Amino acid sequence: MTSLKIGVCGLGTVGSGVIKLFNNHQGLIQQRCNADLQLVHIGARRDNAGCDTSRYRVSRDIFEVVRDPEVDIVVELIGGTTVARDLVTQAIQAGKHVVTANKALIAEFGNELIALAEQAQVALRFEAAVAGGIPVIKVLRESLAANVVSGVAGIINGTGNFILTEMANAGRSFDDVLAEAQALGYAEADPTFDVDGTDAAHKLVILASIAFGIPLDANAPIMEGIDTVTPEDLNFAKELGFCVKHLGIARRCGDAIDLRVHPTLIPSNRQIARVDGVLNAVMIEADAVGEIVLTGPGAGSLPTASSVCSDLMDLGKVLNHTKIDPAPILGVPSDQLQALPLVPRDEVSGVWYLRLVVEDRPGVMADITGLLSERGISIESLIQRPPVAGSSQVTVVILTDSVACGRLDAAICDMESLPALSGSVVRLRVESFKEV
Ligand code: HSE
């Protein structure tokens, strides 16, 4: 039985979850991977009151873990991309295997770290980096390895889904729900990453790389956050039979790739529309298996720790038989990844929800529909609210037929130059996933 000594760096939400799993399930962990996995060293700048570290060596300098000759696997759970990048780089250079939950690190510096790990013949695993407790990387990289994947789409930020769900279902304010998500340990240290779409974009980039065999490119996705979604839009969406979810979408379009994260109206009767709260969902469309949907907790201490431990146990199993993890880190060796062009934003087609506030006088609606018609944009449905007492303005909501983004931009620009229009046009994408 292989003996592997583990050092964990970081004792925050995920780190403390990993320690708890080792404290509570040590026997089960060893039995199920048939390896003697021992947590020996914790690097943490401060204690975590909710976490019993009494059985382990604890260093305040997290780099002590990397320098510890006893440690075979370094688990990086400090987050961020500066110290974490140094830590992981030094661990790999010291010939240690690395497990991390750090999506920003993998999305932004994964190409260099993977090349380094391949050269050093050590493993670099990051199941916990995407969708918390859902084993989606393993499914894409291993279970579906015989498939050509055509698309991956899903709710991949738990904080964002928690906020949108609570705003829509309980009428709570954005700030109130965000504060709760932070208290529950769902949100990033800098919650703007959850809100502006950066966190979801990082995860999407990792999924796309494995799904399509392309290098990691953190800047590739079109990115829109949930901060523009108002209670008014959530109510209109409900009235139209939709709910609003923040989605990451990666699709193969011929020889190009469409990558985007944005708030999206989804028909309320679709399975993914019912994935609420901190839950995540990832739909994968592939040629042999068809469509599968994975759902589960996308954030939180123990769910994310479950994925970290699964990586550790996988390494235990693999290193029982060989000194090198034979599985390519992104599914294919990094020198065989092939960059594909991105579908230009203007050419991404889709259905749109538009909300605008206009003067309530004859001819205004005709002007708006006329401008859409001039651009060849067909209207699928339209709601006009009566003016509120004392106001001369009305709110109009339009659902378009499918149109290329560039053409919609031009029509919105025309509409925003109408004197009758107040402010700017709110626009959200609509996706009608087939029933599964
Ligand atoms: N902040 C992330 C989320 C944590 O809410 O999904 C899990 O990656």
Side-chain angles (χ1 to χ4, degrees), residues 10-18 75-81 84 99-108 110 125-138 140 152-167 174-208 210 216 218 221 223-227 229 245-249 261-264 272 275-282 294-311:
L11 206 46
T13 301
V14 184
S16 59
V18 171
V75 182
E76 182 279 305
L77 301 173
I78 61 169
T81 54
V99 170
T100 176
N102 192 331
K103 53 261 155 155
L105 182 71
I106 297 301
E108 288 179 22
R125 299 259 183 154
F126 40 85
E127 181 63 66
V130 179
I134 304 176
V136 62
I137 289 182
K138 193 176 180 82
L140 263 182
V152 181
I155 300 168
I156 45 178
N157 180 270
T159 302
N161 202 37
F162 183 63
I163 293 174
L164 289 178
T165 304
E166 289 294 306
M167 281 173 70
F174 185 98
D175 291 340
D176 175 34
V177 192
L178 175 58
E180 188 182 347
Q182 288 178 283
L184 290 168
Y186 302 157
E188 295 304 294
D190 176 357
T192 33
F193 278 20
D194 296 298
V195 170
D196 72 5
T198 305
D199 180 77
H202 284 149
K203 293 166 180 167
L204 186 72
V205 159
I206 297 171
L207 291 178
I210 301 169
L216 296 150
M223 195 175 87
E224 292 164 24
I226 57 166
D227 39 352
V229 180
K245 296 290 179 191
H246 193 240
L247 292 189
I249 297 173
V261 296
H262 47 69
T264 315
I272 195 167
V275 173
D276 283 338
V278 74
L279 292 183
N280 280 193
V282 184
L294 307 167
T295 60
S301 179
L302 289 175
T304 313
S306 158
S307 288
V308 171
C309 288
S310 127
D311 275 344

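Since we're looking at a predicted model, the values are computed, not measured. Whatever order the structure lists them in is the order used to number ligands and atoms, beginning at 1.
The shortest distance between side-chain heavy atoms of Leu216 and Ile206 falls below 4.5 Å.
Protein residues with a heavy atom closer than 4.0 Å to ligand 1 are Lys103, Asn157, Gly158, Thr159, Tyr186, Ala187, Glu188, Asp194, Asp199, Lys203, Gly298, Ala299, listed by chain and number.
Residues meeting the ring pair (Phe, Tyr, Trp, His ring centres under 6.0 Å) test with Phe162, sequence neighbours left out: Tyr186. Considering only residues two or more places apart in sequence or on other chains, Ala187 meets the side-chain contact (heavy atoms from CB on, under 4.5 Å) condition with Thr159, Gln182, Pro191, Asp194.
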Just distance, no hydrogens or angles: give the donor-acceptor pairs under 3.5 Å from side chains in residues 294-305, sequence neighbours left out.
residue, atom, partner, partner atom, Å
Ser301, OG, Thr13, O, 2.7
Ser301, OG, Gly17, N, 3.4
Thr304, OG1, Gly300, O, 2.6

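Under a 3.5 Å cut-off, the side chain of Thr198 and the backbone N or O of Phe193 do not form any donor-acceptor pair.
The distance from the CG atom of Asp176 to the CE atom of Met167 is 10.5 Å, given to the nearest 0.5 Å.
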